[in-house]
Amino acid sequence: MKEYKMRRGEHLEDRMPDLKAEIEERFGPVSGTEEFDGHELYVVENPDNPVFERIVAGAADYSGKKDKLAVHFEERPAEDVIAEGNADAAADAVDAKNQFLLDATGRDAKSRRDSLKRQVEDEAPDY
């Protein structure tokens, strides 16, 4: 599960007031919820794109901190997707993930990667 920060001064609720509807529109019907670290997240068991096997996404609220977007994209093996003749769906899946994360967080792929790198560097032990 990855958690993504919002752009400075922005909140997930402002960017996506109805997160469940956004998830359903982009990935398929929400089949239920699942708890992760005390957060109730939406689950899409049968995503529209054949590359995805399962998607878990939702708001991760922390008291005293800004909320984050918690997401886990479970993908099928590339060999299986290609064997079924769905190679084009792979590009669509990448675009769908990146566009959803951009719309939700206001941050493009490069700034999300940079942020994750900084987070890992901050957590590294000092020797």
Side-chain angles (χ1 to χ4, degrees):
M1 184 76 58
K2 289 186 180 175
E3 291 184 357
Y4 297 93
K5 296 181 199 176
M6 303 303 113
R7 215 168 34 185
R8 186 180 308 263
E10 294 186 357
H11 300 275
L12 180 59
E13 189 176 284
D14 298 334
R15 295 193 66 82
M16 291 189 168
D18 189 352
L19 186 57
K20 181 180 179 185
E22 286 284 342
I23 292 168
E24 287 183 328
E25 181 181 319
R26 295 166 189 255
F27 302 112
V30 170
S31 55
T33 60
E34 187 174 289
E35 188 175 317
F36 173 76
D37 280 350
H39 310 292
E40 201 70 23
L41 307 178
Y42 299 110
V43 178
V44 178
E45 288 291 349
N46 297 309
D48 295 338
N49 188 308
V51 171
F52 299 122
E53 195 165 299
R54 185 172 189 258
I55 298 170
V56 180
D61 298 317
Y62 296 99
S63 63
K65 291 184 179 179
K66 269 176 72 170
D67 53 347
K68 294 182 179 183
L69 176 69
V71 183
H72 177 68
F73 293 101
E74 207 170 293
E75 297 180 9
R76 297 178 51 227
E79 305 84 46
D80 295 352
V81 174
I82 292 168
E84 292 172 358
N86 291 321
D88 293 341
D92 293 341
V94 170
D95 291 343
K97 281 193 312 190
N98 282 330
Q99 191 60 50
F100 175 69
L101 293 171
L102 173 63
D103 293 346
T105 65
R107 305 171 90 189
D108 63 6
K110 182 179 182 324
S111 66
R112 290 192 308 268
R113 265 193 314 276
D114 291 345
S115 178
L116 289 173
K117 284 180 190 175
R118 282 192 303 276
Q119 182 179 355
V120 169
E121 288 169 358
D122 291 345
E123 293 173 2
D126 292 330
Y127 292 105

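Only heavy atoms go into these numbers, but all of them, side chains included; no hydrogens, no water, no symmetry mates. Predicted model, so just to flag it, every value in this text is computed and none were measured.
- D88 CG: 12 or fewer foreign heavy atoms inside a 6.0 Å radius.
- Screening L41, T105, I23, L101 against V71 for a side-chain contact (heavy atoms from CB on, under 4.5 Å) leaves a single residue, L101.
- By the 4.5 Å heavy-atom criterion applied to side chains, L102 and N98 are not counted as neighbours.
- Applying the salt bridge (charged side-chain N to carboxylate O under 4.0 Å, His left out) test to pairs two or more places apart or on separate chains, those with a residue in residues 91-101 are E75-K97.
- A donor-acceptor pair under 3.5 Å is absent between the side-chain atoms of R15 and the main chain of E10, judged by distance alone.
- Closest approach of Y42 and T33 over heavy atoms only: CD2-CG2, 4.1 Å.
- When all heavy atoms of M6 and D67 are compared, the closest pair comes out as CG-O, 4.0 Å.
- Residue E45 places its CD atom among more than 12 non-hydrogen atoms of other residues, nucleotides or ligands, all under 6.0 Å distant.
- For the atom pair CD of E74 and NE2 of H72, the computed distance is 4.5 Å after rounding to the nearest 0.5 Å.
- The two residues V44 and P29 make their nearest non-hydrogen contact at CG1-O, 3.6 Å.
- Closest of all the heavy-atom pairs between L12 and A59 is CD2-CB, 3.7 Å.
- Heavy atoms only, all atoms of each residue included: I82 and A87 are closest at CG1-CB, 4.4 Å.
- Transitive grouping of hydrophobic side chains (ILVMFWY, heavy atoms separated by less than 4.5 Å) keeps F52 and V43 in distinct clusters.
- Linking Ile, Leu, Val, Met, Phe, Trp and Tyr whenever their side-chain heavy atoms come within less than 4.5 Å puts L19 and Y4 in one cluster.
- Side-chain contact check for L69 versus F100: some heavy-atom pair is nearer than 4.5 Å.
- Remark: the backbone N or O of H39 is not paired with any side-chain donor or acceptor of D61 at under 3.5 angstrom.
- Legend: salt bridge (charged side-chain N to carboxylate O under 4.0 Å, His left out) pairs involving residues 98-108, not counting sequence neighbours, sorted by first then second residue: R26-D103.
- Annotation: side chain of R54 is in contact with side chain of E34 (closest heavy-atom distance under 4.5 Å).
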